[in-house]
Protein chains: 2
Amino acid sequence: MSDSMEPAEVKRTEALSAEIFTNIANKWALLIINTLGEGTMRFTELCAAVEGVSHKMLAQTLRILERDGVVNRLVHPTVPPRVDYSLTDAGLMLRTTVNAMCVWTRQHVHHIDQARQRFDERQV
Amino acid sequence: MSDSMEPAEVKRTEALSAEIFTNIANKWALLIINTLGEGTMRFTELCAAVEGVSHKMLAQTLRILERDGVVNRLVHPTVPPRVDYSLTDAGLMLRTTVNAMCVWTRQHVHHIDQARQRFDERQV
DNA sequence: CTGAATCCGAGCGGATACTG
DNA sequence: CAGTATCCGCTCGGATTCAG
């Protein structure tokens, strides 16, 4: 695959990869992706479903995810406006790995809690 | 499982989950975990292997991951000092999901690149 | 309801210098 | 080599306000 790419092309691809990873490797993006995995949701529903996210960060992060083709944005031309958010096919694939992260977290809460106590004791 | 927990206990667990997720759901933590998945590394090796990470953020993030029982820190009492970092068992499990994220990114670079161009055109 | 815009504080993150 | 500490710009992120 990389055989058929010019050096400059390879470099741009790497830069893009880093940029994309930065976009999705943050708290809000991951939580939003994971939540949207449960199905289509409206803006307000998402705001309530994603624990702790603010109005602003939700809008901002959704814009990034939409641009990167992870999230679909469907606007209903009604009054008041209704906008449905859902995962694209690419987003759905990503979601399975994100969900695995969430599951891992839940499964290791207790284990980590103990690790922390041991660590904190050691540091006096 | 949650049947056997007091309400206060449940609440603390949820708070811990959120905190843990915040710790690992960020660029540097994920990149470090993924890199350490390839094997034990010294501080300087990691600093070179994790693209773009600074001395400071590496040390800071490693401390957090060590405290959360994701990363092992083995100090050799030699001069000059030698410190080996590796993933714990929990860290290894987490790594498989993190790696899946990295793979997803690489596989979708081109697709995302096109999605962005379409998005940017639409916004004029 | 969906969103963009603004203000503003807190924390990220780089550069640098300093210890053991 | 590994790590901490300091300085400092800049972005993150919350609260609020305004528009469609």
What integer distance in Å separates [X]:[atom1] from [N]:[atom2]?
{"X": "A/E51", "N": "D/dG14", "atom1": "CD", "atom2": "P", "answer": "12 Å"}
{"X": "A/L31", "N": "D/dG13", "atom1": "CG", "atom2": "C1'", "answer": "14 Å"}
{"X": "A/I32", "N": "D/dG13", "atom1": "CD1", "atom2": "P", "answer": "11 Å"}
{"X": "B/K27", "N": "C/dG13", "atom1": "NZ", "atom2": "P", "answer": "8 Å"}

query = Are there more than 12 heavy atoms of other residues, nucleotides or ligands under 6.0 Å from atom NE2 of A/H111?
reply = no
inquiry  = What residues from residues 55-86 of chain A pass a heavy-atom cutoff of under 4.0 Å to DNA chain D?
reply    = A/K56, A/M57, A/P81
Is there a chain of hydrophobic side chains (I, L, V, M, F, W, Y, each step under 4.5 Å between heavy atoms) that links [X] to [Y]?
{"X": "A/V53", "Y": "A/I64", "answer": "no"}
{"X": "A/M41", "Y": "A/V75", "answer": "yes"}
{"X": "B/F119", "Y": "A/I32", "answer": "no"}

task = Would you tell me whether A/R42 and A/Y85 have side-chain atoms, one donor and one acceptor, within less than 3.5 Å of each other?
result = no
note = side chain to side chain contact (heavy atoms under 4.5 Å, CB included) with A/I112: of A/R116, A/H110, A/Q114, only one passes, and it is A/R116
